[in-house]
Structure formats: C-alpha cells, structure tokens
Amino acid sequence: MRTTVGIIGAGPAGLLLARLLSDAGIDSVVLESRDRPYVEQRQRAGILEQGTIDVLRAAGAGERMDREGLRHDGIELRYDRTRHRVDFPALTGGRSVMVYAQTEVCKDLIALQLKDGAPLLFEAEALAVEDADTDRPRVRFRHEGREDVLECDYVVGCDGFWGVARKAIPASVSRTFERTYPFGWLGILADVPPSHDELVYARHDRGFALLSMRSPSVSRLYLQVPEGTDAEEWSDDEIWAELERRFETDDDWRLERGPITQKSVTPMRSYVHEPMRHGRLFLAGDAAHIVPPTGAKGLNLAVGDVVTFARALTDQRETGSSELLDAYSATCLRRVWQAERFSYDMTTLLHRAPDATPFEDRLQLARLARIASSRAAETELAEAYTGFPVD
Ligand code: RFL
Ligand code: PHB
C-alpha cells in the first residue's frame, strides 16, 4: 500500500487530519487498532473551544454539533460553600465554549470519512514506523491477521499516549517532561438532567469535584480519588453522597441523583515529548503530550496540532517551501506549553494533595478569592479556558 500521508490512530486527531487533508486534495490512509464501536463509545472529553468548533464546521463536521451541542458562556467555581461564576464572553470579547462529547465528534468524523474520504481501516494495528529519517517512511501494520506495509511520504502519529509512533524517535534526540499526580478522577455518567446549566468546578477539603454534562438529560460527574483507586470500590450511593458533600453550598442548591450507567477512573498526568517531529514522522495530540483534564484542553490541543500540520503540508505543496513543516514542532509546542501551564494551574488550584498542609489549603482559597475579586485574574482564567489561537 502507498499513500502520501500515513495516519496512525482514529481518535479526534487522526480523523480530523484525514478530513483536512482530503479537503486540500492530499491523499491519506488511517490505521486504527480498535474496532469502530470501541472508538465511538470511548468516554472522554466534553468541552470544545471556539477554535475547535470553527475547524469542525469548516471541515464539514459541524452540522449535528450545531444542532445538539450546548453553548456555554461560563463556568462556576465553588469553594468554601460559596459560588462564583466566570462569565466568558464578558471577559474575552465574546468567546464561549461548547459542550459536545468527543464520542460524538468521532462519530461525525468517521461517518464523513467512510462516506467519501480516504481509506480508514479499523482493527489495523501499527506495529512500527520505519525509516522516519528518509524520504520514504513506512508503517508496518497488522490487518485481518496479515502483516502489511504502508509506504508514505509522511507519517503522522495520532496514536495517543500508548501508541508506537513516538517510539520511532531515537532517545538521543528526544526530551520528555513529565509530572504525575497522586490522585485520579472517578468519572460517572448518570441518566439525570444536570443539576446546574453550566460546569461546576469545586474545591473542597475532601478533594475536587466536577459537574459536567453530555446532554440536557445526561450528567457527567467526576470526583478526585487517590491514585490507583478501582472504580468498583465505590458503590453508587457512596459516589452520590461524596458528590453532595463536595458540591454543598450555603444556599438551597441541590444535586439531583439518578441511575449511574458507567463509571471509570482516569489517572492524571502532565507530559510533553520534544521535538514533535523527527524527519518525516510528525506526532500530534496525545501521542506527543498529555494534560490533566482539569483545564479541558487535551482534545483542543490535538485539533491545533493537526490543523498546523495540514496547513504546513498544503503550503509546501503550493509554494514548494518547507518552512512551515520545518517549524511544525516549535509552532505546536508554544501552544502546548501554554495549555500545560494552564492545566497545571487549574489542577493545583482545585485538587487537594494527600500531603497538603494547612498553609497550602489557605493559599488555594486565596487564589480562588483573587479570581473572584480581580477582573484581571478572572480574565486570565477565561482567556485560557476558552482557548489560545492556533498560530
Ligand atoms: P486518542 O483519542 O487517544 O486516539 C488515539 C487513537 O490511536 C489508536 N491507536 C492505534 N492505532 C493503530 N495502531 C496503533 N499501534 C495504535 N495505538 C493507538 C487508539 O486506539 C486511538 O483510537 O488521541 P488523540 O486523537 O490525540 O485525542 C486526544 C484526546 O482523546 C484527549 O486529549 C482528550 O480526551 C483529553 N480530555 C479532554 N480534552 C478536552 O479537550 N476537553 C475535555 O473536556 C477533556 N476531558 C479528557 C477529558 C480525557 C479524559 N481521559 C479519559 C483521559 C476527560 C477525561 C476523563
Ligand atoms: C467532561 O465533560 O468530560 C469534562 C469537562 C470539563 C473538564 C474535563 C472533562 O475540565
């Protein structure tokens, strides 16, 4: 098999990239190790930044998003039994975000791709990227029980944190930057209308909690739990009781309970691999970087990376200059590090470390009070949450 761009992974990064390239008249093949139902049902992100919304619309994947997605003009910070709303449009000159699940973004992109796009092979596992530093990089993969080779002009590793693409970059040119956190998130889906019409980020002495949603009738909620927690250790009643405690306020706000349909635990990590390019192999999305979910940045960063790559390759084809392709890693990393910084700030602002001291508790409350009382501090949060432009 031969193609111009070999794409490994059909998460949001790989699927959107295939779409952007086909719109630019560049052919590609997507290899995805899992089957279609798995990719379409994997519960993950929920928040799309304005820039992501615009890109999905331009790629022809905005129709259902515009119909079913929920526009959110703010979030609530909850601490010390009080509530503070951050008003995004007022602070950012009109920007907002949208609640539209990653599962739905993937379903929309897969349907488009299978209808009139380039080949998208499910249950096709990439085994290795070879000859990345030559003009003819190759992906060895296994599909329907047979090993095969995809010969490419470029390979883009969109295969997530556990993928194989990053391994093809020699250790001698790689640098990694990492931080793991001594806690994770227990996430649930529940068949109950969200108890608030915007997301609620709660700081509590017992740990962080987040109220989010998937639709007007489905809630998505998270609890900070110790690292290594097994979701099955928590009964449904215990989960609701703990959520109630952490969201409790002095007014008459109430958390509605409902049947829990899914629960799982996500570890928390910050990670960056530099550079994001080696020869003709490019890394995009979680294959290159991970942020803790507190800032809702992971999917949006993945979108930024593939937009940058598609733009650079299109420019090279039109002008003959590889300037933008050569700048790919540096261009992406500027945005990535801003998202790392913000996600780290939000995580340390709202979570309680197991060894937190009373001094650190007071500092967290002072940081929250500062956001609630200073337009400058609040604007900083609103600008970062609604998104950094892709340059
Ligand atoms: P993905 O989605 O992990 O997709 C990678 C794909 O590659 C496939 N794959 C392979 N295919 C072929 N051969 C191989 N050898 C392969 N190895 C792997 C995998 O099967 C998979 O299909 O990476 P991508 O596309 O870079 O997308 C990144 C996002 O998924 C991720 O950053 C977000 O989900 C992070 N995230 C959030 N991001 C946001 O922007 N807003 C949010 O609100 C948000 N909330 C979250 C999140 C992530 C969470 N978890 C579970 C980590 C909430 C949670 C709980
Ligand atoms: C989600 O709805 O899954 C979600 C929302 C905001 C976050 C993380 C996850 O910061």
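Just so you know, ligand 1 is whichever comes first in the structure, and atom 1 is the first atom listed for that ligand.
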Out of L211, L199, L350, who is nearest to atom 5 (C) of ligand 2 when you count heavy atoms only? L199
Which one holds for Y38 and ligand 1: side chain close, backbone close, both close, or neither close, with close meaning a heavy atom under 4.0 Å? neither
Under 4.0 Å from any heavy atom of K297, which atoms of ligand 1 are there? 39 (C), 40 (O)
So for Y100, does at least one of its heavy atoms come nearer than 4.0 angstrom to any atom of ligand 2? no
Decide if atom CD of E323 counts as having more than 12 heavy atoms of other residues, nucleotides or ligands within a radius under 6.0 Å. no
Report, as yes or no, whether the 6.0 Å neighbourhood of atom CZ on R83 holds more than 12 heavy atoms from other residues, nucleotides or ligands. yes
Show which atoms of ligand 1 fall inside a sub-4.0 Å distance from at least one heavy-atom site of G285. 26 (O)
Run through R375, R370, R341 and flag the one making a salt bridge (Lys or Arg N to Asp or Glu O under 4.0 Å) with E380. R341
Using a 6.0 Å distance limit plus a 45 degree cone around the ring axis, check whether R203 lies over the aromatic ring of Y79. no
Whether R277 engages the ring of Y154 as a cation-pi pair (distance to the six-membered ring centre under 6.0 angstrom, angle to the ring normal within 45°) should be assessed. no
T294 contact mode with ligand 2 (heavy-atom cut-off under 4.0 Å): backbone
Atom indices of ligand 1, in the order listed, that fall short of 4.0 Å to a heavy atom of G9: 6 (C), 7 (O), 8 (C), 11 (N)
Applying a strict under-4.5 Å side-chain criterion to I, L, V, M, F, W and Y, I'd like to know whether F282 and L150 cluster together. no
Say whether M346 and ligand 2 are in contact under the criterion: heavy-atom distance to a ligand atom below 4.0 Å. no
Heavy atom under 4.0 Å from ligand 2: found in A296's side chain, backbone, both, or neither? both
shortest atom 3 (O) of ligand 2-to-protein heavy-atom contact is with Y222 OH, 2.6 Å
Enumerated ligand 1 atoms positioned under 4.0 Å from heavy atoms of G163: 17 (N)
In terms of atom number and element, which parts of ligand 1 are under 4.0 angstrom from non-hydrogen atoms of G46? 42 (C), 43 (O)
Pick whichever of F161, Y222, W185 has a heavy atom sitting closest to atom 53 (C) of ligand 1. Y222
Between L31 and ligand 1, which residue portion shows a heavy-atom distance shorter than 4.0 Å: side chain, backbone, both, or neither? backbone
With only distance considered, is A296 within less than 3.5 Å of ligand 1 through an N or O on each side? yes
Ligand 1 atoms nearer than 4.0 angstrom to some heavy atom of R34 are 20 (O)
Please state which option from E125, K167, R44, H143 has its nearest heavy atom closest to atom 49 (C) of ligand 1. R44
Would you say Q43 contacts ligand 2, with heavy atoms under 4.0 Å as the rule? no
Report yes if some N/O of V39 lies less than 3.5 Å from some N/O of ligand 1; otherwise report no. no
Should the pair F88 and Y385 be assigned to parallel (<30°), tilted (30 to 60°) or perpendicular (>60°) ring geometry? parallel
Heavy atom of G187, distance to ligand 1 below 4.0 Å: no
Could you identify the single nearest non-hydrogen protein atom to atom 47 (C) of ligand 1 and state the distance to 0.1 Å? A45 CA, 3.7 Å
With a cutoff of 4.0 Å, is W162 in contact with ligand 1, counting heavy atoms of the residue only? no
If you count every heavy atom of other residues, nucleotides or ligands that lies below 6.0 Å from R146 atom CZ, does the total exceed 12? no
Quick note on ligand 2: atoms under 4.0 Å from a heavy atom of I47 include exactly 5 (C), 6 (C)
With atoms numbered from 1 as shown, which atoms in ligand 1 lie under 4.0 angstrom from a non-hydrogen atom of I8? 12 (C), 13 (N)
Contacting atoms of ligand 1, where contact means under 4.0 angstrom from a heavy atom of G298: 32 (O), 35 (C), 38 (N), 39 (C), 40 (O)
Below 4.0 Å, non-hydrogen atoms only: which portion of S212 touches ligand 1? Side chain, backbone, both or neither. neither
Does ligand 1 have an atom that lies less than 4.0 angstrom from a heavy atom of A124? yes
Any heavy atom of V99 closer to ligand 2 than 4.0 angstrom? no
Of all the non-hydrogen atoms in the protein, which one sits nearest to atom 22 (O) of ligand 1, and at what distance? E32 OE1, 2.6 Å
I need the nearest protein heavy-atom contact for atom 40 (O) of ligand 1: residue, atom name and distance, please. L299 N, 2.7 Å
Going by the closest heavy atom to atom 33 (C) of ligand 1, which one wins out of R220, H289, Q102? Q102
Check the surroundings of atom OH in Y271: do more than 12 heavy atoms from other residues, nucleotides or ligands lie under 6.0 Å from it? yes
For atom 9 (N) of ligand 1, state which one of A287, A101, S33 supplies the nearest heavy atom. S33
Looking at side-chain heavy atoms only, is the closest gap between L210 and W185 below 4.5 Å? yes
Would A126 count as being in polar contact with ligand 1, using the rule that some N or O on each side must be under 3.5 angstrom apart? yes
Per-residue contact class, R42 against ligand 1 - non-hydrogen pairs under 4.0 Å: side chain
